[in-house]
Amino acid sequence: MGGETTWSFLCRLAAGYGIDGAVLLGWWRQVNRASGRTRCQDRSTGVAEVVFDPAGQQLLAQLSGVPAVTLARALPSWDQGAGVPWPGRLEGARVCWKDARTLGAVAVACRLCTARRTGRPVRVVRYLPLWSRVCPHQRWQSDAGTERVGAERWLDVGSCPEISRAQQRWPVLARRAACRGQDLAQVFAVSRAVVLRWWGQAPAWEAERIWPDRLSRLTDRPAAAGRWGEAGWDSAVRDAITLPEVITVAYALTDPACIRMVRADHAGTRPDGWGPGGRFVHHLGQRVERPWLGPLLSVDYTSPLQDWINDVALSRHVQATT
């Protein structure tokens with residue numbers, strides 16, 4: 001499957017031979033065997049990854065019957081072996097263990113998707129950023145390692161079509177941001193930090209209605225005020241519920257008109273009464289369909305959003321003085 005971790009693929013290959021992945025790995029020389037053994041024994045993490053030297057890559061291609069060029073396209077970690085200081089005293093096909101999360105976000109793939117792609121509803125771990133977690137079966141694919149292997153659950157987001165629509169908006173934003181030379185991963189990280197700050201504050205917002213409603217639709221239970229974290233699947237539910245706002249904030253943070261608004265506010269042309277966040281935070285409240293949010297954001301002095309505003313204003317000042 002495209003985007004699969006190499007360890008996940010190797011485990012599926014081993015299952016085809018009727019053996020455990022750790023047994024199949026014996027065909028390679030392990031350069032960090034101790035940590036490898038620990039990861040093999042701790043099968044509940046789901047975040048282990050392996051990278052090979054060129055000889056190891058050829059051996060995997062031979063054992064799987066899949067050409068190396070095809071594996072290179074399907075396995076994102078395929079080229080990571082080039083950065084490993086392989087010890088010269090070990091000859092032959094070599095493998096090195098890594099934590100997959102150091103290479104990117106990893107999730108347990110929907111088993112309906114794996115069955116359609118591989119012919120069997122087997123466990124597959126894939127590199128999946130948070131902006132592409134909704135599968136064609138309207139399931140949210142949760143972070144790997146959050147649940148014990150074999151006990152994974154998938155959040156059905158079909159009752160909240162706005163989550164899928166938000167994911168569909170991301171490619172358009174990505175193309176625009178790329179044309180402007182903006183770092184997509186950084187944009188998403190800042191937007192998510194902004195929204196997660198709101199998520200932590202929202203139980204105290206009396207006017208908040210959108211997230212409790214979305215939470216009730218996803219979990220089939222009412223959202224008790226101030227107790228959202230007890231809904232179960234905490235991180236998966238939170239990430240799914242907040243995705244529409246994260247994408248909307250990302251659009252705003254990359255919008256040239258919004259950037260000009262922030263710079264104008266901090267250039268001495270801001271009307272009185274808008275607070276340190278200026279007109280932008282009130283505009284952002286309108287974008288996320290919470291017109292009452294602007295005044296709250298304008299007095300949140302140490303938030304990720306205020307940090308971004310300060311960075312934009314500072315970049316204008318630097319440009320003006322150089």
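Remember, it's a predicted structure, so these values are computed and weren't measured experimentally.
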(request) Kindly indicate whether the side chain of Trp308, heavy atoms from C-beta on, has any atom under 4.5 Å from the side chain of Pro304. (result) no
(request) State, with a plain yes or no, whether a side-chain heavy atom of Leu305 is found less than 4.5 Å away from one of Val249. (result) no
(request) Can you measure from CG (Leu253) to CG (Leu173) and round to the nearest 0.5 angstrom? (result) 9.5 Å
(request) Please list, chain by chain and in numerical order, all residues satisfying salt bridge (charged side-chain N to carboxylate O under 4.0 Å, His left out) with Arg287, sequence neighbours excluded. (result) Asp255
(request) Enter the distance from Glu245:CD to Leu293:CG here, rounded to the nearest 0.5 Å. (result) 10.0 Å
(message) Just so I know, are the side chains of Arg123 and Val108 near enough to count as touching, which here means a heavy-atom distance under 4.5 Å?
(response) yes
(request) Provide the closest heavy-atom pair for Cys258 versus Ala252 in the form atom of the first, atom of the second, distance. (result) CB-O, 3.3 Å
(request) Quick one: closest heavy-atom pair of Val106 and Ala100, and the distance? (result) CG1-CB, 3.8 Å
(request) Assert yes or no for the condition that the ring centre distance of Trp199 to Trp211 is strictly below 6.0 Å. (result) yes
(request) Taking the side chain as every heavy atom from C-beta outward, state whether Gln58 and Phe52 have any atom pair closer than 4.5 Å. (result) no
(message) Which heavy atom of Gly92 sits nearest to which heavy atom of Ala55, and what is that distance?
(response) O-CB, 4.1 Å
(message) For the CH2 atom of Trp140 and the OG atom of Ser142, what is their distance to the nearest 0.5 Å?
(response) 8.5 Å
(message) Under a 4.0 Å threshold between the charged nitrogen and the carboxylate oxygen, would Arg217 count as salt-bridged to Glu162?
(response) yes
(message) Quick check: is Tyr17 connected to Leu25 through a chain of hydrophobic side chains (ILVMFWY, heavy atoms under 4.5 Å apart)?
(response) yes
(message) Assigning hydrophobic clusters by single linkage (Ile, Leu, Val, Met, Phe, Trp, Tyr; side-chain heavy-atom cutoff under 4.5 Å), is Ile309 placed with Leu196?
(response) no
Can you give the donor-acceptor pairs under 3.5 Å from side chains of residues 129-136 to other protein atoms, not counting sequence neighbours?
| residue | atom | partner | partner atom | Å |
| --- | --- | --- | --- | --- |
| Ser132 | OG | Pro129 | O | 3.3 |
| Arg133 | NE | Leu128 | O | 2.8 |
| Arg133 | NH1 | Gln141 | O | 3.0 |
| Arg133 | NH1 | Asp143 | OD1 | 2.9 |
| Arg133 | NH2 | Leu128 | O | 3.0 |
| Arg133 | NH2 | Asp143 | OD1 | 2.8 |

(message) Looking at Arg117 and Glu4, is any side-chain nitrogen of the basic one under 4.0 Å from a carboxylate oxygen of the acidic one?
(response) no
(request) Give a yes or no on whether Val66 and Trp7 share a hydrophobic cluster (residues Ile, Leu, Val, Met, Phe, Trp, Tyr; joining criterion: side-chain heavy atoms under 4.5 Å apart). (result) yes
(message) To check you understand the geometry: which heavy-atom pair defines the closest contact between Ala61 and Ser64, and what is its length?
(response) O-OG, 3.4 Å
(message) Is there a path of hydrophobic side-chain contacts, each under 4.5 Å between heavy atoms, that joins Val95 and Leu13?
(response) yes
(message) Quiz question: by atom type and distance under 3.5 Å, do the side chains of Gln306 and Asn310 form a donor-acceptor pair?
(response) yes
Using atom types as modelled, flag every donor-acceptor pair under 3.5 Å from a side chain in residues 69-88 to any protein atom, sequence neighbours excluded.
| residue | atom | partner | partner atom | Å |
| --- | --- | --- | --- | --- |
| Ser77 | OG | Thr6 | OG1 | 2.7 |
| Ser77 | OG | Glu49 | OE2 | 2.9 |
| Trp86 | NE1 | Gly81 | O | 3.0 |

(message) I'd like to know if the side chain of Thr248 pairs up with that of Arg169 as donor and acceptor (distance under 3.5 Å, no hydrogens or angles considered).
(response) yes
(message) I'd like to know if the side chain of Arg290 reaches the main chain of Val288, judged simply by a donor and an acceptor atom lying under 3.5 Å from each other, with no hydrogens or angles considered.
(response) yes
(request) Spell out, as yes or no, whether a donor-acceptor pair under 3.5 Å connects the side chain of Asn32 to the backbone of Trp97. (result) yes
(message) Would you say that Cys113 contacts His137 through its side chain, given a criterion of any heavy-atom pair below 4.5 Å between the two side chains?
(response) yes
(request) Kindly write out the residues that satisfy side chain to side chain contact (heavy atoms under 4.5 Å, CB included) with Trp27, not counting sequence neighbours, or none if the list is empty. (result) Leu24, Leu59, Leu63
(message) Could you measure the distance from the CZ atom of Arg209 to the CD atom of Glu206? Nearest 0.5 Å is fine.
(response) 8.0 Å
(message) Quick one, Gln30 and Arg94 - any side-chain contact, counting heavy atoms below 4.5 Å?
(response) no
(request) Check whether any side-chain heavy atom of Asp239 lies under 4.5 Å from a side-chain heavy atom of Arg192, and answer yes or no. (result) yes
(message) Show, in sequence, the C-alpha distance, side-chain angles and deciding distance for Val122 and Arg111, and conclude whether the side chain to side chain contact (heavy atoms under 4.5 Å, CB included) test is met.
(response) CA-CA 6 Å; Val122 293; Arg111 295 212 177 187; 5.8 Å; no
Sequence neighbours excluded and cut-off under 3.5 Å, please list the side-chain donor-acceptor pairs for residues 179-190, or say none.
| residue | atom | partner | partner atom | Å |
| --- | --- | --- | --- | --- |
| Arg180 | NH1 | Thr254 | O | 2.7 |
| Asp183 | OD1 | Ala185 | N | 3.1 |
| Asp183 | OD1 | Gln186 | N | 3.2 |

(message) Closer than 3.5 angstrom, by distance alone: can the side chain of Arg126 be matched with the main-chain N or O of Gly2 as a donor-acceptor pair?
(response) yes
(message) Using 0.5 Å steps for rounding, measure from the CZ atom of Arg29 to the SG atom of Cys96.
(response) 15.5 Å
(request) Check each of Leu60, Val124, Val50 against Phe9 using the side chain to side chain contact (heavy atoms under 4.5 Å, CB included) test, and report the only one that passes. (result) Leu60
(message) Apply the hydrophobic cluster definition, ILVMFWY joined by side-chain contacts under 4.5 Å directly or through others, and give me every member besides Leu112.
(response) none
(message) If you compare all heavy atoms of Trp170 against all heavy atoms of Ala250, which two are closest, and at what distance to 0.1 Å?
(response) CZ3-CB, 4.4 Å
(request) Would you indicate whether the side-chain heavy atoms of Tyr251 and Ile247 approach each other to under 4.5 Å? (result) yes
(request) Supply the atom-to-atom distance Lys98 NZ to Leu103 CG, rounded to the nearest 0.5 angstrom. (result) 6.5 Å
